[in-house]
Amino acid sequence: MDSRPPLIPAYRTLPEYVRHWAETIPDRRAFTFVDHPAARSRGVHRTLTWQGLDRRVRALAARLAGDAAPGSRVALLCPQGTDYVTAFLASLSAGMVAVPMYPPGLAGHADRLAGVLADARPAVVVTSGRAQAEVEAFCGRSRTSRTPVVAADLVSDLSAMTSPSALPAPPGPPDAGATAYLQYTSGSTRAPAGVEITHANVVANARQALTAYGADRHPVTCVGWLPLYHDMGLVLSVAAPVVAGHPSVLMDPTAFLHEPARWLRLLAAHPHAVSAAPNFAYEYCATAVTDVEKAGLRLDGVAALVNGSEPVRPGTADRFHAAFAAQGLAADVHCPSYGLAEATVFVSASAPGEPLRRFALDRDALAAGKALPARPDDADAVLLTGCGAPVDQQVRIVDPVSRTALSEGEVGEIWVQGPNVGRGYWGKEPQSRRVFGAELAGVPGGWLRTGDLGTLLEGQLTVTGRLKDLIVVDGRNHYPQDVEGTAQDAHPAVRRDRLAAFGVPSARRGEGERVVLVAEHARTSRLDDIDVPALARAVRAAVSARHGLRLADVVLVAPGAVPRTSSGKVSRALTRTRYLEGAYTARSAG
């Protein structure tokens, strides 16, 4: 039985924790993957105990050690599941550098995968038996054609060996200061780069997250569908459970997208569940889960729901909790959070048990860099959500030009310093010095420049947008997610959270930027049935009235046409590139 949580020892690498739990709680559940092989499947559970995990990790680590030297990169091209967990931990145990990625079948991301493999130059690729042929074919067409491909589940299974002497001797613990893995950024605003995360970084960040969400003091089950190649999925579904000895229950992201109620059923099935998802997932559940699917669902045991990876909209949290209040979901389990790959993932979070902190801010003042309060009933106010306070790390709001710290209520770039901040970008020394070694006037030590804009309000870190995404028209700043929020509320045929606002150069010299909006239409509508000119007029009028901004072009496209990063965020940079290349001209509303 999984009862009270075990005491968390003080190790500095994940392999040491795996070995510890295998020795102290060998028969407790470690990782469970819930497969959904059919459309209406309730799920097939496959579980590894801590002892079973340790044996698989040691077997695969021994195999990898025969294929490559310590310090070599190991590309993880596994499907979601326990093989992915085993491959990641085995790479670390063997003293190698894991490169968490995905199989080549992920739609729309083959070019990025090829680019990452070319950049990381792995010495070995790990996948699973069912994806091996696909992975070998993909590698054969790329620069990794001679790289050995290992199927994690086909390596000799040592789980049947009952004699400890029959198992490979566990290697010594890796150097805590060595690079454990390369976390490639999602590429939402720039080309992907591999962040070097050390063993000490990931353990520190796992402990920070456990503290933030109360999972270091109480028994919890980590429930997740986020892909394990994504920083939030990797830390909250693998690293944090390994550090704390908590069970982790995984499902495939596509299983969630096809039937979001599956995620909610797993939350209901595991008391004291802690889970994480981007804002769009909560919006999706609120609108797509039917009354029939809600019947018999009890969510009163959920401990914490992390909302991060993209802007947290207060209205989404309200709609999600209204949709499932009858199922016992408490409103105070919602935890808006902020993080980024360069800081392993976690930076700050609102703690469970606290009410959602929301701020109504004056729009004009915010555009000028000041977070001044507005009346909550002011229709033109900007509504932002507080993302709590950092745990065991420092955060400053900084003027990006003068590099001086700003006071509470002033908007600037978010800078971070702590044991979780990565060592730099793989193979990109000048960029690493600029981003990871920033000097803050009057404060010692190097700081991480996040590229995100925010402010501190009543002790809450409040994110306002991306520095590189800012739209500047006539000397006035506009936040694209703010414009997008107005646009998606202007017409029911605009698909929520699947649109991008950005600036493009004016055709006439000296006229500054023009603003363009590319939006997907809702899946419930056919493009031929939508009065596109009327939709464009409604969107333009709303944006003009609320932001004093003229949209030069409104483009309505089919669902899926707005590009997203591998982590699911809308890529404004790629949308802008495609627009400038003329990819959307035929569908433009003018």
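The chain is numbered in sequence order, starting from 1. Computed from heavy atoms alone, side chains included, the values below leave out hydrogens, waters and symmetry copies.
Residues in residues 270-290 take part in these salt bridge (Lys or Arg N to Asp or Glu O under 4.0 Å) pairs, two or more places apart or across chains: Glu283-Arg319, Glu283-Arg496.
Each of Thr221, Val223, Thr49 was checked for a side-chain contact (heavy atoms from CB on, under 4.5 Å) with Pro247, and the lone residue meeting it is Thr221. A side-chain contact (heavy atoms from CB on, under 4.5 Å) with Leu60 is found for one member of Val74, Val155, Asp153 and no other, namely Val155. With Asp54 as reference, Arg58 is the one residue of Gln51, Arg58, Arg56 to meet the side-chain hydrogen bond (donor to acceptor under 3.5 Å, both in side chains) rule. Gln208 pairs in a side-chain hydrogen bond (donor to acceptor under 3.5 Å, both in side chains) with only one of the listed residues (Thr344, Asn420, Asp216), which is Asn420.
Annotation: His321 is in aromatic contact with His334 [ring centroid separation under 6.0 Å]. Taking the six-membered ring for Trp, Tyr229 and Tyr84 have ring centres at least 6.0 Å apart.
Judged by distance alone, with hydrogens and angles left aside, the side-chain atoms of Arg423 form a donor-acceptor pair with the main-chain N or O of Gly177 at under 3.5 Å. When atom types are taken as modelled, the side chain of Tyr17 and the backbone of Tyr11 share a donor-acceptor pair closer than 3.5 angstrom.
The local environment of CZ in Arg63 is sparse, with at most 12 non-hydrogen atoms from other residues, nucleotides or ligands closer than 6.0 Å. More than 12 heavy atoms of other shown residues, nucleotides or ligands fall within 6.0 angstrom of atom CZ in Arg298. Within a 6.0 Å sphere centred on CZ of Arg357, other residues, nucleotides and ligands contribute more than 12 heavy atoms.
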- prompt: Does the side chain to side chain contact (heavy atoms under 4.5 Å, CB included) test come out yes or no for Ser348 and Val395, once each step is laid out?
  reply: CA-CA 9 Å; Ser348 72; Val395 170; 5.7 Å; no
task: Run the numbers on Glu342 and Tyr425 for side-chain hydrogen bond (donor to acceptor under 3.5 Å, both in side chains), then give the verdict.
output: CA-CA 9 Å; Glu342 287 80 354; Tyr425 295 116; 2.6 Å; yes
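Using cut-offs of 30° and 60° for the angle between ring planes, the Trp50 and Phe31 rings count as perpendicular.
With sequence neighbours excluded, the residues forming a ring pair (Phe, Tyr, Trp, His ring centres under 6.0 Å) with Phe320 are Tyr282, Phe324, listed by chain and number.
Rounding to the nearest 0.5 Å gives a distance of 11.0 Å between OG of Ser248 and CG of Leu48.
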